[in-house]
2 protein chains.
Amino acid sequence: MNLRDLAVELGLSQTTVSRALNGYPEVSEATRQRVLDAARQHNYRPNTRAKALATGRAMAIGHVIPLSTRTEMVNPVFADFIAGASETYMRHGYDIVLSVIGDDQEDRVYLDMASKRMVDGVIVQSPTVDDPRIALLRKVGLPFVVHGRATDLPDDYSYVDVNNKRAFQRATEFLVDLGHRRIALVNGRERLGFAVRRRTGFEAGLAARGLAPDPALMLTDEMTEGYGYAAMRHLLTQEDPPTACLSASAIIAFGMRRAADEAGVRLGRDFSLITYDDDLSFFRNSGDEAIFTALRSSVRTAGRFAAEQLIDLIGDPGTPRQRLMEAELIVGRSTGPLRHDTRP
Amino acid sequence: MNLRDLAVELGLSQTTVSRALNGYPEVSEATRQRVLDAARQHNYRPNTRAKALATGRAMAIGHVIPLSTRTEMVNPVFADFIAGASETYMRHGYDIVLSVIGDDQEDRVYLDMASKRMVDGVIVQSPTVDDPRIALLRKVGLPFVVHGRATDLPDDYSYVDVNNKRAFQRATEFLVDLGHRRIALVNGRERLGFAVRRRTGFEAGLAARGLAPDPALMLTDEMTEGYGYAAMRHLLTQEDPPTACLSASAIIAFGMRRAADEAGVRLGRDFSLITYDDDLSFFRNSGDEAIFTALRSSVRTAGRFAAEQLIDLIGDPGTPRQRLMEAELIVGRSTGPLRHDTRP
DNA sequence: TTGAAAGCGATACCAG
DNA sequence: CTGGTATCGCTTTCAA
């Protein structure tokens with residue numbers, strides 16, 4: 001059932017039917033009702049592609065999910081981010097077009113998306129320190145919002161991010177205040193912007209308490225369970241082992257926990273482990289349910305924010321004004337309410 | 001740059017350019033090369049929507065991700081499933097349209113996808129025992145492949161599934177052969193088809209070794225970390241506690257591991273825990289790295305299979321023949337090669 | 001081997 | 001308030 005069929009059946013023109021369906025004011029109420037009823041009855045839905053062609057808007061957002069070429073694995077956090085974003089999209093009638101792609105060929109995808117006109121905008125995940133995608137997208141004129149920030153680039157694009165630096169600084173100070181002096185940092189790869197900011201926060205926290213960072217306690221690698229395991233074993237076998245640690249992700253923390261178990265080290269007693277997961281949440285001695293629920297609900301919130309930003313950007317195509325936004329989502333051990341800090 | 005621009009620039013008709021680009025044989029080689037070069041040079045990509053409108057094929061597949069209305073959370077396994085599927089899609093030029101939606105309103109999405117003609121087929125995840133979506137999709141004539149099976153329905157649709165029953169039976173027999181007599185089953189909700197088949201396998205395993213199932217050791221609930229934790233505590237405090245357990249998912253196993261830790265029970269020594277995760281993999285005393293890598297790579301394989309099935313189904317629209325397929329993916333402790341059993 | 005023209009299913013401008 | 005018609009960008013007969 002398409003528009004013409006419907007129009008013929010109603011004895012009206014396509015024009016009128018279209019107007020009635022899209023809420024144009026110049027249609028009489030009686031006609032509109034008749035059209036609406038018929039549409040409902042026949043389960044009519046406008047053909048997305050035809051509509052897109054006619055309006056020039058795809059009503060779709062592209063999400064590009066990088067598949068780490070080293071680990072060949074998807075960060076499960078993206079699922080929750082998308083879940084959050086889709087709440088927003090649903091309200092605004094946008095669809096999601098997904099591309100899962102090795103992080104070495106992302107450029108091609110963005111170019112494709114732009115030139116094939118299949119999406120009105122894209123979300124950029126996990127920016128690297130000096131991310132080339134941002135320039136690329138700006139060049140092709142595809143609206144975008146970044147989840148995270150590219151440290152070395154000017155902040156003249158839209159993003160949703162959390163204050164990684166401050167969070168790690170706080171966590172570090174917290175550990176020092178508990179009496180810890182030897183604190184380790186098990187970080188992700190520093191080509192990722194957030195990993196750099198986390199280290200910076202860690203160092204700032206130590207400095208604020210008059211401590212110097214020990215390079216032997218600062219580890220960095222791809223964020224996997226195996227890395228966490230290896231890191232923890234490595235740390236525990238040092239001659240002057242740390243008594244506490246900041247881990248950059250839940251998955252790392254799982255590995256660390258396993259190594260601790262094997263070594264007979266009880267987390268929370270013998271050793272303090274703080275996990276700050278996926279830009280968004282903050283846990284002590286991770287391993288309990290909060291790590292699943294709180295992390296995920298905050299990632300979802302970030303997804304919602306990003307989607308709202310992007311729709312806003314697209315919605316006003318005349319003015320290419322950019323927006324900055326920083327959402328601070330720090331979630332305690334129990335799933336409490338989220339706090340959002342927005343700066344203009 | 002669109003087709004007309006390109007045609008004008010080349011001094012050819014749109015028809016010829018289109019034919020050259022799409023590999024039609026009646027174009028002279030010289031012309032084709034000229035067109036191809038110009039297209040590459042101008043970074044020309046056909047407008048997806050126009051193409052879809054003209055051909056009647058969207059070149060897109062719908063994936064509907066259910067968001068459990070109870071836990072409000074996305075099963076991270078879907079990410080890997082989609083990653084696998086997208087390898088296949090990419091090769092065939094299909095895009096993915098994603099809908100994340102509460103499991104109470106899935107019907108609407110499928111209807112929408114069908115009538116809005118935005119996808120050529122869909123993947124159905126986590127079928128329930130008597131899943132209404134299957135009849136719905138068949139009615140609207142949208143090609144689909146199910147990841148899993150709907151137990152109570154005839155097998156006259158395409159699916160990719162693993163032999164849950166046999167896997168649980170084997171695992172159970174394995175535990176009995178190790179000397180265990182009191183074995184627990186921490187299962188998912190039995191409205192899901194695979195949960196039923198897992199229990200059946202568990203019971204069959206016990207029966208095969210001459211043991212009777214004890215209802216007190218058979219738990220069922222939504223698969224969360226908290227449930228695993230509660231289940232383990234519950235099991236350990238019984239008057240005649242089990243010495244081994246089958247868990248239905250990694251996330252449950254995490255919770256059980258936490259409870260075991262707290263109770264001072266060492267997995268693999270005091271208590272044997274086998275996790276069979278997300279229809280696809282099989283682990284002993286879960287918690288090591290294999291659980292992440294092996295699980296995920298097998299889920300990806302399932303995604304690839306499903307995508308191939310679906311494309312095959314779509315590809316031959318004349319014959320509505322259905323295909324059955326059962327992939328058996330059993331992965332041991334270390335990430336070994338996958339074994340695939342396909343029966344026609 | 002090439003080109004003109006008719007759709008595909010909607011929107012939007014211009015008349016009436 | 002309603003309708004005719006051009007248009008979006010591409011594919012696909014049908015003619016030449």
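As a basis for the values below, the full set of heavy atoms in this structure was taken, side chains included, without hydrogen atoms, waters or symmetry mates.
Phosphate proximity of C:dG9 to A:Lys51: absent, as no side-chain N or O sits under 4.0 Å from OP1 or OP2. One finds a side-chain N or O of B:Thr16 lying less than 4.0 angstrom from the OP1 or OP2 phosphate oxygen of C:dG3.
Rounded to an integer number of Å, the gap from CZ of A:Arg49 to C1' of C:dG9 is 10 Å. The interatomic distance linking A:Arg57 (CZ) with C:dG9 (C1') rounds to 19 Å, in whole Å. Between B:Leu10 atom CG and C:dT2 atom P there is a gap of 12 Å when expressed in whole angstrom units. Separating the CG atom of B:Leu53 from the C1' atom of C:dT11 is a distance of 12 Å, rounded to the nearest angstrom.
Along DNA chain D, the nucleotide closest to A:Thr55 and the one closest to A:Leu12 are compared, and the more 5′ of them pairs with A:Leu12.
Partners of B:Ser115 under the side chain to side chain contact (heavy atoms under 4.5 Å, CB included) rule, at least two apart in sequence or in another chain, are A:Arg45. Shown here are the side chain to side chain contact (heavy atoms under 4.5 Å, CB included) partners of B:Ala54, two or more places apart in sequence or in another chain: there are none. The side chain to side chain contact (heavy atoms under 4.5 Å, CB included) search around B:Thr31 returns B:Leu12, B:Thr16, B:Val27, B:Ser28, B:Val35, not counting sequence neighbours. Evaluation of the side chain to side chain donor-acceptor pair (under 3.5 Å) rule for B:Arg191 yields B:Glu222 as partners, not counting sequence neighbours. Here B:Arg108 pairs with B:Asp112 under the salt bridge (Lys or Arg N to Asp or Glu O under 4.0 Å) rule; sequence neighbours left out. For B:Ala83, the side chain to side chain contact (heavy atoms under 4.5 Å, CB included) partners two or more places apart in sequence, or in a different chain, are A:Leu67, A:Val74, A:Val100, B:Arg300.
Of the possible polar contacts, none joining the A:Arg304 side chain to the A:Glu87 backbone as a donor-acceptor pair under 3.5 Å is found. Using modelled atom types, one side-chain atom of A:Thr55 and one backbone atom of A:Lys51 make a donor-acceptor pair closer than 3.5 Å.
Looking at every heavy atom in both residues, A:Arg34 comes nearest to A:Leu10 through NH2-O, 3.3 Å. The shortest non-hydrogen separation linking A:Leu21 to A:Leu3 is CD2-CD1, 4.3 Å.
Contacts between chain B and DNA chain D, taken as any atom within less than 4.0 angstrom of a protein heavy atom, begin and end at D:dG9 to D:dT13.
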Could you list, one pair per line, each protein nitrogen or oxygen that sits under 3.5 Å from a nitrogen or oxygen of nucleotides 4-7 of chain C, together with the distance?
from, atom 1, to, atom 2, distance (Å)
C:dA4, N7, B:Thr15, OG1, 3.3
C:dA4, N6, B:Thr15, OG1, 3.0
C:dA5, N6, B:Thr15, OG1, 3.4

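Sorted by first and then second residue, the ring-ring contact (aromatic ring centres under 6.0 Å, His included) pairs with a member in residues 83-138 of chain A read A:His63-A:Tyr89; sequence neighbours excluded. The stretch residues 14-44 of chain B participates, sequence neighbours left out, in no ring-ring contact (aromatic ring centres under 6.0 Å, His included) pair at all.
Contacts of residues 23-31 of chain A with DNA chain D (heavy atom under 4.0 Å): A:Glu26, A:Val27, A:Ser28, A:Thr31.
The shortest side-chain heavy-atom distance between B:Asn47 and B:Asn2 does not fall under the 4.5 Å cut-off.
Recorded end-axis angle for the helix from C:dT1-D:dA16 to C:dG16-D:dC1 stands at 40°, based on five pairs per end and rounded to 10 degrees.
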